[in-house]
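Notes for the one structure printed next.
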Amino acid sequence: MPGPLFSGSLIPSGIRTVYASFSGGADSLALLVSLAALREEGKWELRAVHFEHGIRGAESLADAEFCRDVCDKLGVPLQVVPLNVPDKVRPGEGTEAAARRLRQEAWQTILGETEKMPMAVALGHNADDRIESLFLRLMRGSNMSGLHALRAVREFDGIVWLRPLLVFSRVEIEAYLAGCGMNSFRTDSTNLENDYDRNRLRNVVLPALYREFPRARAGILTALRAIEEDVAALDNEAEQAFRLAVRPGGLELDSLAKMPPALLPRVLRLWLGGQIPDRHFIERLRDLLDAPDRAGSGRIPAENGEGFRWRNGLLRKADDEPAGPEDPDLWDYRKTPAVRFGRTVLRFRGAFSGGEMPSGSDAAVFDAETFPGRLRIAARQPGDAMTPFGSTYSVSLKKLFTDAHVSAAEQPLRPVVRDAAEPTEILWIPGVRRSSLYPLAADSGKPSRGLLFSSEPLVDVTAAVIGGPDGRILVCSRPAGTHMAGKWEFPGGKIEPEETPENCIRREIREELGMEIAVGPVLTVMEHDYGVKYVRVTFFLAVSDNAPAAKDGQEFRWVPSDGIGSVDFLDADRPVSEEIRKKSEKISAIYNKMRHENVKWLSKQP
């Protein structure tokens, strides 16, 4: 069998199945031949997929037959997928766009039926395809990431997409096949027609450019490499910005407003699972972020028809909005004693039966006999006003916030407590002032006269799900003398002011366990009310080859992912252990990828 054109190191370790897209053309033939030569070394299963578009009649059927013959000779299982493109073109959709859409839908079906995870899909794009895509996307007004859309390795929704031929030209690929004695391959006759933009660019525009500027091709490829480096840096910044902005239920508007414009579409793409938001939506969102007052709620339409909503300082997906008659802003405090709004936690403490009145704006007592049973928690609305306790005249909330030194950017994130039945009646602004409504009655003969409420800041912490060299996961016990001592947890700690979550988890693991870690993606974000504090925990995946050394006397152990459900975890960590158990193969693939990307760094750690 001929040797491979590229190295097997391009395929991440841990991959169990590789699908090769095989059209029968020179590029896909070189791709399949190389993968067939590498499969034993890589210890993964190789399968080929051929899409029969139904556009070119007998020629298209002959392509499929050619692919069957090649796969039989190479011993590669082949799946031929009929797409029947002409009958499935949507109104306003071109044939080329319809074919691309149908191929993507078919891949989702094929990959969804695969049992051997993790998997990769290999595509035959080459260096000339990169140049063509650059020009096409440049003319569409794409950003840097769009200009660099064809990447050698890209992961999306648990699937690794590979393009091993991006550094080779068509001439080099055909020379490789000739050296392998494989001079026969299929040529799509429609590639010679100049009805499509890519074909005109390939057959007319670029040849003319290269004739006039002989060094243009090499210069463009050099520029693409520079763009690739720039995009990698931007994507890294976007991942960090996303982790800071993401909240249960949406993205924090305040965080989005602070980030550089170049990061906004990239953060939205991470939030939407790889989907690219349309340009008009981004423009509308920027208008909202530039507005001095983002209080209240509203809707931002999108071209796909779903749109997005913003409410209480969060940008939410339209289909994530709570459904049914239950209003998400309503607080039945007797049933749910603690609720969170932004970074503020509100608590119902129960009956207040006399004694010293709470001082400060973080607590309030109201008359139990007349106080409403349900409250509404929402951001300040334009025109809101309240009569503060001890006063006889109404004051605008804007002035009350200003007097309390709450910035304009922070005001939409602060809760305002209202009577659910009378939303214009503002009862309390936690951390600012309470109103003159529902004061304690003068009669002190009743055993329970008041209802006590308090507010406190949300406690943001990080935790690391650390994978060791053998794939087991590190868990630690709570030290003696601490809250819930003896329970097990994923190690981490509280985020300090002005500290990023990534820097926090690195510092905490270094201080607690003497370990250095490579921090990966966010696994999940969990919230839990321990009564004494309300925490939001950002769980990062991380890898390390260091041995832990407990500095606070706690125990630690390495646990296989399939046995992690038996550990007696803290309440906030228990759902995460279940998620790890269910997604063990996907998490293992992420660990392998992280180790591949950080191999030099890991080797230097003591």
Side-chain angles (χ1 to χ4, degrees), residues 235-248 252 255 267 270 343 457-469 471-479 482-484 487-528 530 533-552 554-559 561 564 567 569-570 572-577 579-580 583 587 590-591 593-595 597-598 601-602 604-606:
D235 286 349
N236 182 61
E237 290 294 318
E239 287 185 7
Q240 296 185 44
F242 171 70
R243 293 168 190 166
L244 293 173
V246 69
R247 301 287 180 264
E252 187 178 67
S255 296
V267 168
L270 290 170
R343 298 180 185 276
L458 170 71
V459 179
D460 260 317
V461 302
T462 61
V465 182
I466 304 172
R472 291 185 298 168
I473 295 171
L474 181 66
V475 297
C476 300
S477 67
R478 297 280 296 169
T482 63
H483 179 61
M484 303 194 77
K487 288 278 189 178
W488 292 82
E489 65 180 350
F490 298 103
K494 182 179 177 181
I495 301 175
E496 299 296 338
E498 307 302 323
E499 186 177 40
T500 67
E502 291 90 343
N503 288 341
C504 169
I505 194 60
R506 291 189 186 98
R507 173 184 56 77
E508 287 286 345
I509 299 303
R510 187 183 302 119
E511 292 175 356
E512 289 185 15
L513 300 172
M515 299 173 68
E516 296 294 335
I517 59 172
V519 180
V522 173
L523 173 63
T524 189
V525 179
M526 302 293 296
E527 295 187 19
H528 189 76
Y530 285 106
K533 61 182 177 180
Y534 190 107
V535 300
R536 176 172 60 194
V537 190
T538 301
F539 291 88
F540 289 97
L541 293 178
V543 293
S544 178
D545 286 349
N546 295 159
K551 297 186 176 182
D552 295 323
Q554 69 268 46
E555 297 180 53
F556 58 83
R557 62 177 186 241
W558 295 93
V559 182
S561 58
I564 206 160
V567 178
F569 278 110
L570 291 170
D573 293 43
R574 192 174 297 115
V576 181
S577 68
E579 185 167 355
I580 292 170
K583 298 180 178 179
I587 290 173
I590 295 174
Y591 281 152
K593 180 183 177 184
M594 290 175 63
R595 288 190 169 278
E597 294 173 345
N598 295 278
W601 181 86
L602 289 169
K604 294 178 181 178
Q605 300 309 306

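Under a cut-off of 6.0 angstrom, the local environment of NZ in Lys487 is crowded, with over 12 non-hydrogen atoms contributed by other residues, nucleotides or ligands.
Looking only at side-chain heavy atoms (C-beta outward), Leu474 and Phe556 come within less than 4.5 Å of each other. For the pair Val567 and Val559, the minimum side-chain heavy-atom distance is below 4.5 Å. The shortest distance between side-chain heavy atoms of Tyr534 and Pro457 does not fall below 4.5 Å. In this structure, the side chains of Pro575 and Met526 come closer than 4.5 Å at one or more pairs of heavy atoms. Annotation: side chain of Pro521 is in contact with side chain of Met594 (closest heavy-atom distance under 4.5 Å).
No donor-acceptor pair closer than 3.5 Å links the side chain of Asp460 to the backbone N or O of Ile495. With hydrogens and angles disregarded, no donor-acceptor distance shorter than 3.5 Å links the side chain of Tyr591 to the backbone of Leu541. With hydrogens and angles ignored, the 3.5 Å screen pairs no side-chain donor or acceptor of Arg536 with any backbone N or O of Arg343.
Atom CD1 in Ile473 sits 4.5 Å away from atom CD1 in Ile580 (nearest 0.5 Å). With values rounded to the nearest 0.5 angstrom, Leu270 atom CG is found 7.5 Å from Asp235 atom CG. Taking CG of Asp545 as the reference point, atom CD1 of Ile466 lies at 11.5 Å (rounded to 0.5 Å). Considering CE of Met515 and CZ of Arg510, their distance stands at 12.0 Å, rounded to 0.5 Å. Between the OG atom of Ser544 and the CG atom of Leu513 there is a distance of 9.5 Å, given to the nearest 0.5 Å. Going from atom CG of Leu244 over to atom OG1 of Thr538 covers 9.0 Å, rounded to the nearest 0.5 Å.
Judged by the 6.0 Å distance and 45° axis criteria, Arg557 is positioned over the aromatic ring of Trp488.
Between Ile505 and Pro491 the shortest heavy-atom distance is CD1-O, 3.8 Å. Considering every non-hydrogen atom in both Ala572 and His528, the closest pair reads CB-CB, 3.8 Å. Of all non-hydrogen atoms in Ile517 and Ala464, the two that sit nearest each other are CD1-CB, 4.4 Å. Nearest approach of Glu508 to Gly493, heavy atoms of both residues: CD-CA, 3.4 Å. A pairwise comparison of heavy atoms in Gly467 and Arg595 identifies O-NH2, 3.3 Å as the closest pair.
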Intermediate values then yes/no, side-chain contact (heavy atoms from CB on, under 4.5 Å), Leu523 and Glu579: CA-CA 9 Å; Leu523 173 63; Glu579 185 167 355; 4.2 Å; yes
Test log, rule side-chain contact (heavy atoms from CB on, under 4.5 Å), inputs Thr462 and Val537: CA-CA 5 Å; Thr462 61; Val537 190; over 6 Å; no
Criterion side-chain contact (heavy atoms from CB on, under 4.5 Å) on Arg506 and Val519, from CA distance to verdict: CA-CA 8 Å; Arg506 291 189 186 98; Val519 180; 3.7 Å; yes
Stepwise side-chain contact (heavy atoms from CB on, under 4.5 Å) check, Phe540 with Val465: CA-CA 6 Å; Phe540 289 97; Val465 182; over 6 Å; no
Stepwise salt bridge (Lys or Arg N to Asp or Glu O under 4.0 Å) check, Arg478 with Glu555: CA-CA 8 Å; Arg478 297 280 296 169; Glu555 297 180 53; over 6 Å; no
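Relative ring orientation between Phe569 and Phe490 is described as parallel, the plane-to-plane angle staying below 30° on a 0-90° scale split at 30° and 60°.
Applying the salt bridge (charged side-chain N to carboxylate O under 4.0 Å, His left out) test to Arg507 and every residue at least two apart in sequence or in another chain returns Glu499, Glu511.
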